[in-house]
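A short worksheet on the structure shown next.
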Amino acid sequence: VAWAIMVVFCVSSVNVYTFFAWMPDMLRDTVGSSPSEAGALLGLYAAMGLPTALLIPLLAARMRNVGFVIQGAVVLLLVGDLGLLLVPQFATWLWVCLAGLGGLLFPLALVLINARTRSHEGSIALSGFVQGVGYTIAAFGPLLFGALHEMSGGWSWPLIFLIVAHV
């Protein structure tokens, strides 16, 4: 259970922190967005976290099996990232929204930490493991994304890295 929650946490965190770091530059290069447009799209991406942060904890607390929620989030991330990879100029806002909604894995992982433990001590131990390992791995997401961009000179390989990280 601990490893599964940690993977859910990592998938979300790698995507979120990578896009917070690189999305404006990527959109300026691939779509030709102005800095203000790219910033607004990043704001839209971040805003997608609000409804998920409010709804997912309520939904997850009532579910015995959250597998379909995890699968749905991964599909959202994959479709958003694939859209940005394959057709970034077409409905850019849609790809940004879908990738942002995929971030629902983050509040889900936090809810699962308490929902899958029986004691206060168990919650502390699981939280320490999930967040300790998860944030450590997530810290490498933006770094690897940027390194792939630097090495390839484009955004295809960095986006492929994110897509592979979701599967």
Side-chain angles (χ1 to χ4, degrees), residues 5-60 66 68-112 130-167:
I5 296 172
M6 189 270 300
V7 168
V8 167
F9 188 88
C10 282
V11 167
S12 174
S13 297
V14 164
N15 197 77
V16 168
Y17 294 126
T18 298
F19 274 171
F20 280 162
W22 289 103
M23 184 182 280
D25 290 336
M26 182 180 67
L27 293 175
R28 282 194 344 251
D29 292 348
T30 60
V31 182
S33 296
S34 69
S36 61
E37 290 169 333
L41 286 166
L42 181 62
L44 178 63
Y45 174 82
M48 293 298 99
L50 182 60
T52 62
L54 296 173
L55 296 175
I56 290 301
L58 297 172
L59 180 64
V66 294
F68 93 91
V69 176
I70 294 169
Q71 292 167 350
V74 170
V75 167
L76 289 168
L77 289 169
L78 288 173
V79 172
D81 292 353
L82 280 168
L84 289 169
L85 173 65
L86 301 173
V87 285
Q89 298 85 359
F90 175 76
T92 307
W93 62 270
L94 176 62
W95 312 133
V96 168
C97 284
L98 293 174
L101 287 171
L104 68 84
L105 291 173
F106 185 80
L108 178 63
L110 296 178
V111 167
L112 290 176
V130 167
Q131 293 185 61
V133 174
Y135 281 126
T136 300
I137 292 172
F140 288 98
L143 179 65
L144 185 54
F145 193 89
L148 288 169
H149 171 63
E150 189 69 28
M151 288 188 304
S152 68
W155 297 102
S156 295
W157 283 110
L159 283 167
I160 289 169
F161 153 69
L162 279 184
I163 291 165
V164 169
H166 303 325
V167 207

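Numbering starts at 1 and runs along the sequence shown.
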V111/I56 under side chain to side chain contact (heavy atoms under 4.5 Å, CB included): CA gap, chis, key distance, verdict: CA-CA 9 Å; V111 167; I56 290 301; 5.6 Å; no
What distance separates [X] [atom1] from [Y] [atom2], expressed to the nearest 0.5 Å?
X	Y	atom1	atom2	answer
L112	I70	CG	CD1	6.0 Å
M48	L104	CE	CG	12.0 Å
L27	F19	CG	CZ	8.5 Å
R28	L41	CZ	CG	12.5 Å

On a heavy-atom basis, which atom in [X] and which in [Y] lie closest, and how many Å separate them?
X	Y	answer
A53	P107	CA-CG, 4.0 Å
L42	F20	CD1-CD2, 3.7 Å
P88	L86	CD-C, 3.5 Å

Extract all donor-acceptor atom pairs below 3.5 Å that involve side chains of residues 135-150 and protein atoms in other chains or at least two apart in sequence.
| unit_1 | atom_1 | unit_2 | atom_2 | d |
| --- | --- | --- | --- | --- |
| T136 | OG1 | G132 | O | 2.7 |
| H149 | ND1 | G154 | O | 2.8 |

Test log, rule side chain to side chain contact (heavy atoms under 4.5 Å, CB included), inputs L55 and L59: CA-CA 6 Å; L55 296 175; L59 180 64; 5.9 Å; no
Inter- and intrachain pairs under ring-ring contact (aromatic ring centres under 6.0 Å, His included), touching residues 71-92, at least two apart: none
Answer whether the closest heavy-atom distance between the side chains of [X] and [Y] falls below 4.5 Å.
X	Y	result
Q131	L110	yes
L77	L105	yes
L44	C97	yes
V31	E37	no
L84	T30	no

Salt bridge (Lys or Arg N to Asp or Glu O under 4.0 Å) partners for D29, two or more places apart: none
Let me have the donor-acceptor pairs involving side chains of residues 10-17, under 3.5 Å, with sequence neighbours excluded, atom names and distances please.
| unit_1 | atom_1 | unit_2 | atom_2 | d |
| --- | --- | --- | --- | --- |
| S12 | OG | F106 | N | 3.3 |
| S13 | OG | F9 | O | 2.9 |
| N15 | OD1 | H166 | NE2 | 3.1 |
| N15 | ND2 | Y45 | OH | 3.1 |

Under the side-chain contact (heavy atoms from CB on, under 4.5 Å) test, residues paired with I160 that sit two or more places apart: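 Partners of I160 under the side-chain contact (heavy atoms from CB on, under 4.5 Å) test: L85, W157, V164.
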Pairs satisfying side chain to side chain donor-acceptor pair (under 3.5 Å), at least one member in residues 87-104, at least two apart: none
